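Along the sequence shown, residues carry numbers from 1. All values reported here derive from a predicted model rather than from experimental measurement.
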Amino acid sequence: MTRNLTATVALFRYMYHVPLIPPVWAAYLGTGIEILFPILLALGLAGRFAAGFLFIYNIITVLSYPQMGVAGMMDQVPWGIFLLFTTVYGPGLFSLDYGLSRIWKRMPPAVQKAV
């Protein structure tokens, strides 16, 4: 384990109190989520799913770290609004989802059924 990941595990063990899962799992899952899902969101690949997942993750973050105080919680509100907006309305015209859906619609129905 690298030094940075050891520090992350220590944070999850002593500061962040994630319910239902052990601190080591929470550290690995949290790190993976914070790396993978923003990349998906930036590319617009599985955009609604990524935004919805990060919206829920944002809520869990606020609940798991009550020491952040009111100012810290207020920093999370704009992120929650942006993520909820993207979840409801989708990632937009410049996303891979949009481009792939246009390609999918141009395919013949026989090819769509085969895939």
Heavy-atom closest contact (Met15 atom, Gln67 atom, distance):
O-OE1, 3.9 Å
Tell me whether the count of non-hydrogen atoms from other residues, nucleotides or ligands lying under 6.0 Å of CZ in Phe82 goes above 12.
no
Separation between OG1 of Thr87 and CG of Leu54, rounded to the nearest 0.5 Å:
8.5 Å
Measuring from Tyr65:OH to His17:NE2, what's the distance to the nearest 0.5 Å?
9.0 Å
Look at the side-chain heavy atoms of Ile, Leu, Val, Met, Phe, Trp and Tyr, link any pair under 4.5 Å apart, and say whether Trp25 and Tyr57 land in one connected group.
no
Using a 3.5 Å distance criterion without hydrogens, assess whether the side chain of Ser64 forms a donor-acceptor pair with backbone atoms of Thr61.
no
Parallel, tilted or perpendicular: which describes the rings of Phe85 and Tyr89, with under 30° parallel and over 60° perpendicular?
tilted
Identify whether Ile35 and Phe37 are in the same connected component of the hydrophobic contact network (ILVMFWY, side-chain heavy atoms under 4.5 Å).
yes
What pair of heavy atoms forms the shortest contact from Val62 to Met68, and how long is it?
CA-CE, 4.2 Å
Arg13 and Val24 have their tightest heavy-atom pair at NH2-CG2, 3.3 Å
Measuring from atom OG of Ser95 to atom OH of Tyr98, what distance do you get when rounded to the nearest 0.5 angstrom?
9.0 Å
Check for me, please, whether Leu100 and Met107 land in the same ILVMFWY cluster - side-chain distances under 4.5 Å, paths through other members count.
no
Transitive ILVMFWY side-chain link Leu96 to Ile39, under 4.5 Å:
yes
Treating Arg48 as the side-chain partner and Val88 as the backbone partner, does any N or O pair qualify as donor plus acceptor under 3.5 Å?
yes
For Ile59, all residues meeting side chain to side chain contact (heavy atoms under 4.5 Å, CB included), sequence neighbours excluded:
Phe55, Leu63
Report yes if some heavy atom in the side chain of Leu5 is under 4.5 Å from a heavy atom in the side chain of Thr8; otherwise report no.
yes
Is a donor on one side and an acceptor on the other found under 3.5 Å between the side chain of Asn58 and the backbone of Trp79?
no
For Leu45 and Asp97, work out which heavy atoms get closest and say how close.
CA-OD1, 3.5 Å
Show the nearest heavy-atom pair for residues Leu40 and Ala50, with the distance to one decimal.
CB-CB, 4.1 Å
Rounded to the nearest 0.5 Å, what separates atom CZ in Arg102 from atom CG in Leu93?
9.0 Å
Closest approach of Pro38 and Ile33, non-hydrogen atoms and distance?
CD-O, 3.3 Å
Measure up the Phe49 and Phe53 rings against each other and bin them: parallel (under 30°), tilted (30 to 60°), perpendicular (over 60°).
tilted
